[in-house]
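Structure, as structure tokens:
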Amino acid sequence: MESTLKGLRDGESVLDLSPRSTVSGGVEDIYGEDRATEDQLVTPWTFSVASGYSLLRDPQYNKGLAFTEKERDAHYLRGLLPPTVSTQQLQGKKLMNSIRQYEVPLQKYVAMMDLQARISTHYIIKIARCFGFATQERNERLFYKLLIDNVEELLPVVYTPTVGEACQKYGSIFRRPQGLYISLKEKGKILEVLKNWPERSIQVIVVTDGERILGLGDLGCQGMGIPVGKLALYTALGGVRPSACLPITIDVGTNNEQLLNDEFYIGLRQRRATGQEYYELLHEFMTAVKQNYGEKVLVQFEDFANRNAFELLAKYGTTHLVFNDDIQGTASVVLAGVVAALKLTGGTLAEHTFLFLGAGEAGTGIAELIALEMSKQTKTPIEESRKKIWLVDSKGLIVSSRKNSLQHFKKPWAHEHETVSSLLEAVKVIKPTVLIGSSGVGRTFTKEVIEAMASNNDKPLIMALSNPTSQSECTAEEAYQWSEGRAIFASGSPFDPIEYKGKVYASGQANNAYIFPGFGLGLVISGAIRVHDDMLLAASEALAKQVSEENYKKGLIYPPFSNIRKISANIAASVAAKAYELGLATRLPRPQNLVKNAESCMYTPVYRNYR
Ligand SMILES: NC(=O)C1=CN([C@@H]2O[C@H](COP(=O)(O)OP(=O)(O)OC[C@H]3O[C@@H](n4cnc5c(N)ncnc54)[C@H](OP(=O)(O)O)[C@@H]3O)[C@@H](O)[C@H]2O)C=CC1
Ligand SMILES: CC(=O)C(=O)O
Ligand SMILES: [Mg+2]
């Protein structure tokens, strides 16, 4: 059985990988300084203990008014703070009060980003002051405390939909660099650029080239908001230490004319490099990442255009620990929702018929994982399972007569059928029980489409995955109204509960944010060195198991995000278990209780006491 999702193929061995060199004393020489010969260049990093004024301005250690009396004495803070000693809880309450006063979501986003920061240098703060920006003292632990404690309220602020608007306006709202920018200018020097990042023990990198930012298209260098947002969730939702997370944007130019002509655009002002030039830069990047951080750093590809996404995943899946969130993470979360929905719709996975609007990364990724799971359940070849799944792209239903002109990832879905040009017609002839939107085009699930789904099914499962909200294939209100309250609905970006004929309908959020933080944590805690499709299935199963009877009663097919840390710990444990089972884990011996192990490894943002 061969799956297009797979990084490492069945039976492929990884045991021949040589361990990383260590220097005497057993401490890993992560940066290779000790191994470097005299003619090799090293970075002269120095470390100092922050105190006084600089301690207050160091986001990793700042506690603001929560510095205790003892700490104020010990760290030269007397007089630099007013007399009150506050608690983190009270600080959080105060900040939430002020964030809630902003009516515009983008203002809330900027306020949150002002609080968070990895890079702390005096000069950046001084520059910000020169330009009159209201610099709030940055406090990383408070940022994560807020995000964790108010996850349902703040997720739409730091993530979809607001992060989409933030990326669109990134040039104007840009205050200070977050993450690493690697552009064509850095060709030949990427390893040196990585060494400029102040943290050394990186576990997770989220990288984009900005070409397909949510459903908003090519936003070039301004796509940086996505890796930054995803990694904030890695920490808040999955418990990966902030210092172990590295957001990266690869800037090869943009084809977005508006940005190219925008005086505030922060990226390279040239059209996108493609072909050899593009792949050489990406290859240098992937090589440098492994050289700098070793075999076990996870590289999550995010929001690349599909013309590159599939190729990068296939190419580096056998040599690096890589994961494409849009192809694989989305697949895992949607499969979980579909499996959970079976409790409400009845029938087995193989008894359902699936129709997708959109046959790109998300659409074909999900389709393939559903087919894989179906095959495992029914013990039939994947080619048979694929026949239960149909996809529509911008040219209509994918059918065998179109095969020669299809991109490679669409070919497995070119079934025998006459041509069908519209989604509505496809719904009428295919009669799907499940309709999934992954087109990036808003309002494409029209009244007629939803009505057709509702006339064929007692409980049609409708998933409008496209982000941000403006690109959602339909709204929650439309799904419930047009199906007369019978639809089971979930969407990529959140919708508020709606009332229809006196009943309140709350819909779930089918977003890969349920999967990637726990998935990554599972890879990190097991020391996995490759991603395998079975790990995606394990993560999906772990998520589906977290849906409670109470959730089902409300028509929900996902658990609430308020439980996400517990959910992530369970996903991490299942992924780690699979890594051990497949011989892909390097952290030995295997802990007995993987859930407890995952929980104990999770970062918590409570303030630490300073001596
Ligand atoms: N909820 C979640 O967790 C996730 C949501 N997404 C969302 O899914 C959307 C798509 O992402 P992705 O798959 O990576 O994008 P791709 O560009 O890879 O795929 C888009 C697909 O939609 C098709 N399409 C575009 N316009 C139409 C149309 N009018 N009618 C029918 N089909 C159309 C394209 O057709 P063609 O091939 O002919 O051009 C293509 O097959 C984005 O909005 C993204 O935000 C993505 C990942 C996760
Ligand atoms: C959620 C996500 O990854 C996307 O919309 O691209
Ligand atoms: Mg994405």
Side-chain angles (χ1 to χ4, degrees), residues 155-156 159-161 163-164 167 206-219 223 225-227 229-230 233 300-311 313 323-337 355-368 390-398 402 405-411 413 420-427 435-446 449 463-473 490-495 507-517 543 558:
L155 206 54
Y159 191 53
T160 182
V163 71
C167 289
V206 176
V207 60
T208 188
D209 72 356
E211 193 168 4
R212 195 285 280 143
I213 295 299
L214 308 176
L216 301 171
D218 183 353
L219 297 184
I226 295 294
K230 292 269 175 183
L233 305 197
Q300 174 165 315
F301 293 118
E302 194 70 54
D303 291 9
F304 284 72
N306 61 39
R307 64 192 168 123
N308 297 317
F310 287 101
E311 197 162 332
L313 184 61
F323 170 68
N324 185 303
D325 191 30
D326 301 299
I327 301 171
Q328 299 173 301
T330 315
S332 188
V333 80
V334 172
L335 175 62
L355 180 66
F356 287 77
L357 182 72
E361 293 166 68
T364 61
I366 301 161
E368 186 69 3
W390 298 81
L391 292 96
V392 171
D393 66 9
S394 66
K395 298 185 180 63
L397 191 64
I398 295 182
R402 294 179 54 196
S405 62
L406 291 172
Q407 289 154 288
H408 69 92
F409 50 87
K410 292 181 184 170
K411 287 188 197 285
W413 311 100
V420 174
S421 58
S422 76
L423 175 66
L424 180 59
E425 210 188 324
V427 171
L435 178 65
I436 298 175
S438 52
S439 62
V441 185
R443 306 299 176 268
T444 33
F445 289 174
T446 58
V449 166
M463 300 173 106
L465 301 179
S466 294
N467 297 314
T469 315
S470 58
Q471 312 310 111
S472 188
E473 282 78 7
S491 53
S493 298
F495 284 103
S507 55
Q509 195 177 343
N511 194 295
N512 49 31
Y514 272 112
I515 290 288
F516 71 79
L543 175 58
Y558 291 101

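Just so you know, ligand 1 is whichever comes first in the structure, and atom 1 is the first atom listed for that ligand.
Listed by number with element, the atoms of ligand 2 under 4.0 Å from a non-hydrogen atom of L214 are 4 (C), 5 (O), 6 (O). Residue Y159 approaches ligand 2 through these ligand atoms, each under 4.0 Å from one of its heavy atoms: 1 (C). Listed by number with element, the atoms of ligand 2 under 4.0 angstrom from any heavy atom of D326 are 2 (C), 3 (O), 4 (C), 6 (O). The distance from ligand 2 to the heavy atoms of R212 drops below 4.0 Å at these ligand atoms: 6 (O). Of all atoms in ligand 2, numbered sequentially from 1 with element shown, those under 4.0 Å from a heavy atom of E302 are 3 (O). Counting atoms of ligand 2 from 1 in the listed order, those under 4.0 Å from a heavy atom of K230 are 1 (C), 2 (C), 3 (O).
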Verify side-chain contact (heavy atoms from CB on, under 4.5 Å) between I366 and L335, making sure each step is shown before the conclusion.
CA-CA 7 Å; I366 301 161; L335 175 62; over 6 Å; no

Let's go through E473 and S466 carefully: what are the C-alpha distance in whole Å and the side-chain angles of both, what is the deciding distance for side chain to side chain donor-acceptor pair (under 3.5 Å) to 0.1 Å, and is it a yes or a no?
CA-CA 7 Å; E473 282 78 7; S466 294; 2.6 Å; yes

Decide yes or no on side-chain contact (heavy atoms from CB on, under 4.5 Å) for I515 and Q328, but give the supporting numbers first.
CA-CA 10 Å; I515 290 288; Q328 299 173 301; over 6 Å; no

Test side-chain contact (heavy atoms from CB on, under 4.5 Å) on L233 and L155 and set out the steps.
CA-CA 9 Å; L233 305 197; L155 206 54; 3.5 Å; yes

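Shown here are the ring-ring contact (aromatic ring centres under 6.0 Å, His included) partners of F304, two or more places apart in sequence or in another chain: F301. For Y159, the side chain to side chain donor-acceptor pair (under 3.5 Å) partners are K230, N511, N512, not counting sequence neighbours.
Looking from atom 5 (O) of ligand 2 to the surrounding protein, the closest heavy atom is N467 ND2, 2.8 Å.
A heavy-atom separation below 4.0 Å is found between D303 and ligand 2.
The shortest side-chain heavy-atom distance between I226 and C167 falls under the 4.5 Å cut-off. Side-chain contact check for W413 versus L406: every heavy-atom pair is 4.5 Å or farther apart.
With hydrogens and angles disregarded, no donor-acceptor distance shorter than 3.5 Å links the side chain of R212 to the backbone of D218. Remark: side-chain polar atoms of R307 are not paired, donor with acceptor, to backbone N or O of A309 under 3.5 angstrom. Under a 3.5 Å cut-off, the side chain of D326 and the backbone N or O of E302 do not form any donor-acceptor pair.
Under 4.0 angstrom from ligand 2, there are no non-hydrogen atoms of F304. Using a 4.0 Å cut-off between heavy atoms, N511 contacts ligand 2 through its side chain alone, with no backbone atom that close.
Of the listed residues (T208, D325, N512, L216), the one carrying the non-hydrogen atom nearest atom 2 (C) of ligand 2 is N512.
Just one residue in the list L355, L391, L423 forms a side chain to side chain contact (heavy atoms under 4.5 Å, CB included) with L397, and that residue is L355.
The shortest heavy-atom contact between T364 and F409 is CG2-O, 3.6 Å. The two residues T160 and S493 have their closest heavy-atom pair at OG1-OG, 2.7 Å. G360 and N306 make their closest contact through CA-ND2, 4.0 Å (heavy atoms, listed as atom of the first residue, atom of the second, distance).
Residues of the protein with a heavy atom under 4.0 Å from ligand 1 are R212, L214, G215, N306, D326, T330, L357, G358, A359, G360, E361, A362, D393, S394, Q407, K410, S438, S439, G440, V441, L465, S466, N467, G492, A510, N511, N512, listed by chain and number.
Shown here are the protein N/O/S atoms lying under 2.8 Å from the Mg ion (ligand 3), water excluded: E302 OE2, D303 OD1, D326 OD1.
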